[in-house]
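A short worksheet on the structure shown next.
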Amino acid sequence: EAGVAQSPRYKIIEKRQSVAFWCNPISGHATLYWYQQILGQGPKLLIQFQNNGVVDDSQLPKDRFSAERLKGVDSTLKIQPAKLEDSAVYLCASSPPGTANLGQYFGPGTRLTVT
Amino acid sequence: DQQVKQNSPSLSVQEGRISILNCDYTNSMFDYFLWYKKYPAEGPTFLISISSIKDKNEDGRFTVFLNKSAKHLSLHIVPSQPGDSAVYFCAASAMRGANSKLTFGKGITLSVRP
């Protein structure tokens with residue numbers, strides 16, 4: 001079974017530029033999550049999708065971050081414009097249907113550096 | 001406001017000995033707890049979980065203990081192996097409701113010395 005795929009793995013941009021990350025979840029996983037992990041911290045949930053609908057985006061800085069999950073499969077996370085404090089690893093995770101299974105499967109992440 | 005706390009940033013143990021990783025939480029709504037393991041340049045991988053209706057869950061060398069009255073859980077690894085060297089995250093969720101949102105601690109870096 002293929003795992004969660006993410007690209008790019010690394011990205012360096014200047015502040016005020018825009019950037020986009022892509023995630024392909026495990027086949028059949030209805031729920032998709034984007035996390036931000038700042039160095040020395042645990043992952044923080046940015047947004048959660050159930051199929052192509054948003055379940056929770058309470059911690060997404062909506063003035064600069066946006067995410068979409070077209071057709072309930074792949075997802076993109078965009079930052080526009082980026083700030084220095086956005087430097088972090090952005091993790092995508094997915095989980096099978098149903099709320100009883102909380103075993104989220106994580107991708108390798110995209111390490112973003114904003115200079 | 002950290003709802004899941006891993007107060008010790010690092011732990012070093014000798015191979016073959018027991019590793020005990022601690023985690024505290026403040027939100028009384030949490031009723032499901034998980035441990036994730038993370039190697040450098042990889043995403044976290046699920047290790048073991050426990051529901052609040054239990055006080056212990058065991059899987060091979062890994063055992064998680066939950067003390068609800070103290071809002072404390074711990075992960076025991078015995079015997080510890082060099083391959084266990086990684087960052088370990090404690091995570092918690094309130095399963096009541098459809099949202100399976102996880103709240104993570106900051107992580108503990110475990111080093112197992114050969």
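Per chain, numbering begins at 1; letters A, B, ... match sequence-line order. Computation of the quantities below employed the complete heavy-atom set of this structure, encompassing side-chain atoms and omitting hydrogens, waters and symmetry-equivalent molecules.
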- Task: Specify the closest pair of heavy atoms between B:Ala94 and B:Phe30, including all atoms of both residues, with the distance to one decimal.
- Result: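 What the structure gives for the nearest pair is N-CD2, 3.9 Å.
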
- Nearest atoms (heavy-atom pairs only) where B:Pro79 meets B:Asp84: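 Residues B:Pro79 and B:Asp84, closest heavy atoms: O-OD2, 4.2 Å.
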
- Donor on one side chain, acceptor on other, A:Gln50 and A:Thr31, under 3.5 Å: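 Present: a donor and an acceptor within the cut-off.
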
- So, A:Gln59 versus A:Tyr35: side-chain donor-acceptor pair below 3.5 Å or not?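 No, because no side-chain N or O of A:Gln59 sits under 3.5 Å from a partner of the opposite role on A:Tyr35.
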
- Item | B:Tyr25 ring center near B:Phe33 ring center (under 6.0 Å) |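 Ring centroids of B:Tyr25 and B:Phe33 are less than 6.0 Å from each other.
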
- Query: Below 6.0 angstrom between ring centroids: does that apply to B:His76 and B:Phe62?
  - Reply: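 No; B:Phe62 has its ring centre 6.0 Å or more from that of B:His76.
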
- Message: Taking 4.5 Å as the heavy-atom cut-off, does anything in residues 103-114 of chain B contact chain A, and if so which residues?
- Response: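 Hits under 4.5 Å: B:Phe104, B:Gly105, B:Lys106.
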
- What residues of residues 71-81 of chain A sit under 4.5 Å from chain B when only non-hydrogen atoms are counted?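 If one takes a 4.5 Å heavy-atom cut-off, no residue of residues 71-81 of chain A lies near chain B.
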
- Item | Parallel, tilted or perpendicular: rings of A:His29 and A:Tyr105 (30°, 60°) |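 Ring orientation of A:Tyr105 relative to A:His29: tilted.
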
- Excluding sequence neighbours, so at least two apart, what forms side-chain hydrogen bond (donor to acceptor under 3.5 Å, both in side chains) with A:Asp86?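 Residues passing side-chain hydrogen bond (donor to acceptor under 3.5 Å, both in side chains) with A:Asp86: A:Arg64.
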
- Task: Using atom types as modelled and distance alone, determine if a side-chain donor or acceptor of B:Ser80 lies under 3.5 Å from a backbone N or O of B:Gly16.
- Result: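 Absent.
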
- Task: Give, as side chain, backbone, both or neither, the part of A:Ser58 having an atom under 4.5 angstrom from any heavy atom of chain B.
- Result: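 Contact with chain B is through the side chain of A:Ser58 alone.
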
- Message: Under the side-chain hydrogen bond (donor to acceptor under 3.5 Å, both in side chains) definition, can you give me all pairs with a residue in residues 5-17 of chain A, not counting sequence neighbours?
- Response: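 Sorted result for residues 5-17 of chain A: empty, none.
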
- Between A:Pro108, A:Cys92, A:Gly109, which has the largest tally of heavy atom pairs under 4.5 Å with chain B?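 Sorted descending by pairs with chain B, the first entry is A:Pro108.
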
